[in-house]
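First comes the structure, then the notes that go with it.
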Amino acid sequence: MPELPEVEILVRYLGPLLINKVVRGVQVHRKKSIRPTSLRQMRDQLVGAKFISIKRRAKYLLFEMQPSGRKPVFTLLGHLGMTGRMCLQPKRVDLPKHAALVLELGRHNFVFEDTRYFGRMTLDTGSLDALGTEPMSPGFSGEMLREVLGRSRQAIKVKLLDQSVVAGIGNIYASETLFRAGISPRKAARRLTRRECAGLVVAIQETLAKAIECGSTVPLDFNGEGGRNGLFYFGQTDEGAGYYDEELLVYDREYESCARCNNPIRRIIQAARSTYYCPGCQRA
DNA sequence: CACCATGTTCCTTG
DNA sequence: CCAAGGAACATGGT
């Protein structure tokens, strides 16, 4: 489930496993997944390069690579799209059906798998340029949010999905943070008061922090031994799904009672995507 | 068959 | 030029 918290958890997980490992081989199973980089560029750059550090920016994973010799450090950029996953598997284990890119590292394979192929692993870092504020950074404030919302007449829910405004919030956490802040998802961005902006910033930071904390405590069920079980993916394992779903207060809970006021949760469509909210707690 | 799905990007419309 | 809306991408689950 890749929004900011899931990517953060994945980055923390992969870091210790990948640091100082050297790429020995590159298998590209889907050209689309590395676009616009070519297979040849991928091999030329990555073979012989060592993982120096792994960072996150919004929903992107940044793998800092040190090539052999005196060549400059470069970045391998990853994005999970809707269904991407990454994991390490012993080489003898069969690759998942939708493996898109495999980096061979000694006795393990670093596998990027992506059922719908919306994600990417590329040497082109251009996508990072258009990203807005990092919501968990200290600089993210109510005043700053108010500034970037500007005069927009778009609904606040839709605006929260705009990565050039706040970077890293996706469809699940957009609904969750607005519920926590008590703001209607339909409210025009420009109509949010200073108080609401300040409250929304706090709600965003608390919601994301809690999701990271929660996900970090969920058993990852990573054993690398077989097919799907070896893949990082919480929300799917029995243990993980339980912990995780309980923390979502409105998302995917249409018709259920609001935990705070007991009104039934509603689902509406905004920008062609589902929005969940409580009509009692989030008045227009 | 119908509809739904954690995301981004491109094209069109106003 | 810009903001906003909608389709496309691709596969699978219910």
Side-chain angles (χ1 to χ4, degrees), chain A residues 1-11 29-36 56-61 77-86 96-101 112-122 124-132 135 148-178 185-191 207-208 211-212 214-215 218 227-228 231-237 240-241 243-245 247-255 267-276:
Chain A
M1 309 182 81
E3 291 188 32
L4 184 153
E6 291 75 39
V7 176
E8 177 65 27
I9 291 160
L10 179 58
V11 163
H29 296 263
R30 275 278 170 156
K31 284 184 186 170
K32 186 196 170 192
S33 300
I34 63 169
R35 84 197 138 75
R56 178 191 61 73
R57 169 81 169 102
K59 301 171 194 171
Y60 290 88
L61 298 104
L77 187 70
H79 194 290
L80 300 172
M82 295 272 269
T83 55
R85 303 187 205 178
M86 294 179 188
K97 181 178 178 184
H98 299 290
L101 175 72
F112 170 46
E113 179 236 8
D114 186 5
T115 305
R116 291 170 72 179
Y117 303 110
F118 287 176
R120 280 199 302 164
M121 276 285 261
T122 178
D124 171 30
T125 58
S127 302
L128 298 175
D129 298 344
L131 293 174
V148 291
L149 292 179
R151 306 302 299 156
S152 174
R153 297 166 187 275
Q154 240 177 356
I156 184 62
K157 154 61 157 55
V158 177
K159 217 62 185 165
L160 286 181
L161 294 180
D162 183 340
Q163 301 299 297
S164 70
V165 172
V166 184
I169 297 174
N171 204 40
I172 293 175
Y173 294 110
S175 285
E176 291 297 315
T177 56
L178 286 170
R186 303 185 205 250
K187 188 157 190 162
R190 60 188 293 179
R191 299 291 178 214
T207 303
L208 298 179
I212 292 169
C214 173
V218 169
R228 306 181 67 75
L231 298 169
F232 173 82
Y233 182 51
F234 74 89
Q236 177 184 308
T237 66
Y243 285 95
Y244 186 71
D245 290 351
E247 303 301 327
L248 299 180
L249 301 177
V250 292
Y251 185 79
D252 202 23
R253 290 189 182 281
E254 187 180 19
Y255 305 131
R267 179 173 82 103
I268 59 175
I269 302 298
Q270 293 181 290
R273 316 201 58 191
S274 291
T275 297
Y276 298 86

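So that the names make sense, note that chain A is the first sequence line, chain B the second, and so on, each numbered from 1. As the structure is a prediction and not an experimental result, all values here were calculated from the model.
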> Expressed in angstrom and rounded to an integer, what is the separation of A/Asp162 atom CG from B/dG7 atom P?
Replying inline: 13 Å
> Mapping A/Ile269 and A/Asn171 to their closest nucleotides on DNA chain B, which lands nearer the 5' end?
Replying inline: A/Ile269
> In whole angstroms, how far is the P atom of C/dG13 from the CZ atom of A/Arg116?
Replying inline: 12 Å
> Between C/dA4 atom P and A/Ile156 atom CD1, what is the distance in whole Å?
Replying inline: 12 Å
>> Using a 6.0 Å cut-off, check whether atom CZ of A/Arg153 has over 12 heavy atoms from anything other than its own residue.
In response: no
> Taking any strand in view, what nucleotide pairs with C/dA10 in a Watson-Crick or G-U wobble way, both distances under 3.5 Å?
Replying inline: none
> Out of C/dA10, B/dC4, B/dG7, which has the shortest distance to the side chain of A/Arg30?
Replying inline: C/dA10
> Between A/Gln270 and A/Thr275, is any side-chain donor less than 3.5 angstrom from a side-chain acceptor?
Replying inline: yes
> Between A/Asp124 and A/Leu77, is a side-chain contact (heavy atoms from CB on, under 4.5 Å) present by the stated rule, with each step listed?
Replying inline: CA-CA 7 Å; A/Asp124 171 30; A/Leu77 187 70; over 6 Å; no
> Which parts of nucleotides 8-14 of chain B does protein reach within less than 4.0 Å, heavy atoms only, written one letter per nucleotide 5' to 3' as B for base, S for sugar-phosphate only and - for none?
Replying inline: SS-----
> Going through the checks in order, is the side-chain contact (heavy atoms from CB on, under 4.5 Å) test met by A/Leu128 and A/Tyr60?
Replying inline: CA-CA 8 Å; A/Leu128 298 175; A/Tyr60 290 88; 3.9 Å; yes
> Under 4.0 angstrom, heavy atoms only, what part of the nucleic acid is A/Arg151 near: base, sugar-phosphate, or nothing?
Replying inline: nothing
> Can you list the steps and then say if A/Val250 with A/Glu176 is a side-chain contact (heavy atoms from CB on, under 4.5 Å)?
Replying inline: CA-CA 6 Å; A/Val250 292; A/Glu176 291 297 315; 3.5 Å; yes
> OP1, OP2 of B/dC4 versus side-chain N and O of A/Ser274: anything below 4.0 Å?
Replying inline: no
>> For A/Arg57, is the CZ atom crowded, meaning more than 12 foreign heavy atoms sit under 6.0 Å from it?
In response: yes
> CG of A/Leu160 versus P of C/dA4: gap in Å, rounded?
Replying inline: 14 Å
>> Whole angstroms only, please: what is the CD-C1' distance between A/Glu254 and B/dA5?
In response: 15 Å
> What distance, rounded to whole Å, do you find between the two P atoms, one in C/dA10 and one in B/dC11?
Replying inline: 15 Å
> What nucleotide among C/dA4, C/dT11, C/dC9 has an atom nearest to a side-chain atom of A/Lys32?
Replying inline: C/dC9
>> Check this for me: A/Lys32, atom NZ, are more than 12 non-hydrogen atoms of other residues, nucleotides or ligands nearer than 6.0 Å?
In response: yes
>> In whole Å, I'd like the distance from the CE atom of A/Met82 to the C1' atom of C/dC9.
In response: 11 Å
>> Measuring to OP1 and OP2 of C/dA4, would you say a side-chain N or O of A/Lys159 lies under 4.0 angstrom away?
In response: yes
